[in-house]
Number of protein chains: 2
Amino acid sequence: MPFNLLLNNVARYIHLTDNEKEIFISHLHQKKIKRKQFFLSYGEICKYSAFVTTGCLRGFTVDKNGIEHVLSFAPPDWWIADMYSLISQKPGTLNIEALEDTDVILLSKTDQEKLYQEIPKFERFFRILTEKSLVTNQQRIVDNLSLTAEERYNIFCERYPTLINHLPQKQIASYIGVTPEFFSRMRNRH
Amino acid sequence: MPFNLLLNNVARYIHLTDNEKEIFISHLHQKKIKRKQFFLSYGEICKYSAFVTTGCLRGFTVDKNGIEHVLSFAPPDWWIADMYSLISQKPGTLNIEALEDTDVILLSKTDQEKLYQEIPKFERFFRILTEKSLVTNQQRIVDNLSLTAEERYNIFCERYPTLINHLPQKQIASYIGVTPEFFSRMRNRH
DNA sequence: CGGGGAAGTTGATGTAGGTTAAGAAATGAA
DNA sequence: TTCATTTCTTAACCTACATCAACTTCCCCG
């Protein structure tokens, strides 16, 4: 059944009884997002966390010069949301777009809060998830401050080997923090 | 009593009974850190979260060229730790140093876990804390990718007005991601 | 309260990476 | 398969910020 990937994802950090699994699943919705379709746009209020089962999403912002900056990729087994907007329920700055046809499982903000009431273990689950995400983001800040573009690229290759073949170069360039032109030059020099 | 600042910090997100407050306090330790003294050094395993009551700490890494990069400041009412090391209990890369004589309240990793057992509400507290920290860090990544040094400086001034007068310029420069020389020039042109 | 090390300033010069532009290659919708 | 649209490449030139060095000012600790 289609929720297995997600149940395994959850099982990494907390144990659920069969009954709890059913309660959990009752809060979930499935959705298909076609390539290039937006799951969330700048200025909207983020009402869902999305868990990708197939395909790939990207979260990005657009700066005042119209340049896109990729904050995160969400391949299968990853969660994505505009955390700022989800928490504050204010309009966010993040766009979330499908890089290919993608299946997601949605958990709404309100269902997530119900879940915290019904199965407090989920506080733990999302705490741990958020902690891991925080560590990754802190490392990225350090990398951006202290490494050259080439070093950041090498780290990206190590950390996300499956994504490298999968993604358009310009998306990786944007994540690394360089222009597509410079990224191309960087790759073709050695 | 010296735990009031911390109890207020906690009360922002969860409500504790008097009994729960006592249990919480029983897990805490106080410590004084003298100016320039290290609370945590690169390569150590981080065993404590620290909550600052007076003074100021800074968390920073040192890159392969010996250059320091400030990840965070912790003035009063802030938590600080090497999250990577605290979670994984592996040697971390963060240094945490007192910028002035500082009083902290410590919560050890093991006491934190006991707290989760004894008062599950603390799962919620630290989830919310971590979420807020994550949002701040994501915004910083976007800022580093899309803004000039001067724009990042202006944002820093808005966001941390009290720190501006308080900190040596070179520390702010390092947080912003520029050299002290460039930071000085930037401030003195207009 | 005085001296020494740290912090800040200023100038000359260097460089990683950006910008603009134009063509080549890949890709996807019909 | 075809054509239109992205994506990628290459080249010339540009700029934000770094580096190095010498000087001044600050400030803390004995």
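The sequence lines fix the lettering, A, B, ..., with proteins before strands; numbering per chain opens at 1. What you see below is based on every heavy atom in this structure, not just the backbone, and it leaves out hydrogens, waters and symmetry mates.
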Criterion side-chain contact (heavy atoms from CB on, under 4.5 Å) against K114(A), the qualifying member of E118(A), Q112(A), Q117(A): E118(A)

Enclosure of K121(A) NZ (heavy-atom neighbours >12, cutoff 6.0 Å): yes

Parallel, tilted or perpendicular, as decided by the 30° and 60° cut-offs, for the rings of F39(B) and Y48(B): tilted

Nearest-Å distance for atom pair CD/P, residues E100(A) and dT27(C): 13 Å

Salt bridge (charged side-chain N to carboxylate O under 4.0 Å, His left out) evaluation trace for R140(B) with D143(B): CA-CA 5 Å; R140(B) 189 166 170 199; D143(B) 291 349; over 6 Å; no

Members of residues 168-181 of chain A that approach DNA chain C, where some heavy atom sits under 4.0 Å away: G177(A), V178(A), T179(A), E181(A)

R152(B) vs dA16(D): side-chain N/O to OP1/OP2 distance below 4.0 Å: no

Considering only nitrogen or oxygen atoms on both sides, find all protein atoms under 3.5 Å from nucleotides 25-30 of chain D and state each distance.
none

Steps toward side chain to side chain contact (heavy atoms under 4.5 Å, CB included) verdict (Y84(A), T93(A)): CA-CA 9 Å; Y84(A) 165 74; T93(A) 55; 5.8 Å; no

Among dC8(D), dG11(C), dG18(C), the one nearest F182(A) by side-chain distance: dG18(C)

Short side-chain N/O contact to dG8(C) OP1/OP2 from S184(B), under 4.0 Å: no

Among dT9(C), dC17(D), dT19(D), the one nearest R185(B) by side-chain distance: dT19(D)

Parallel, tilted or perpendicular, as decided by the 30° and 60° cut-offs, for the rings of F125(A) and Y13(A): tilted

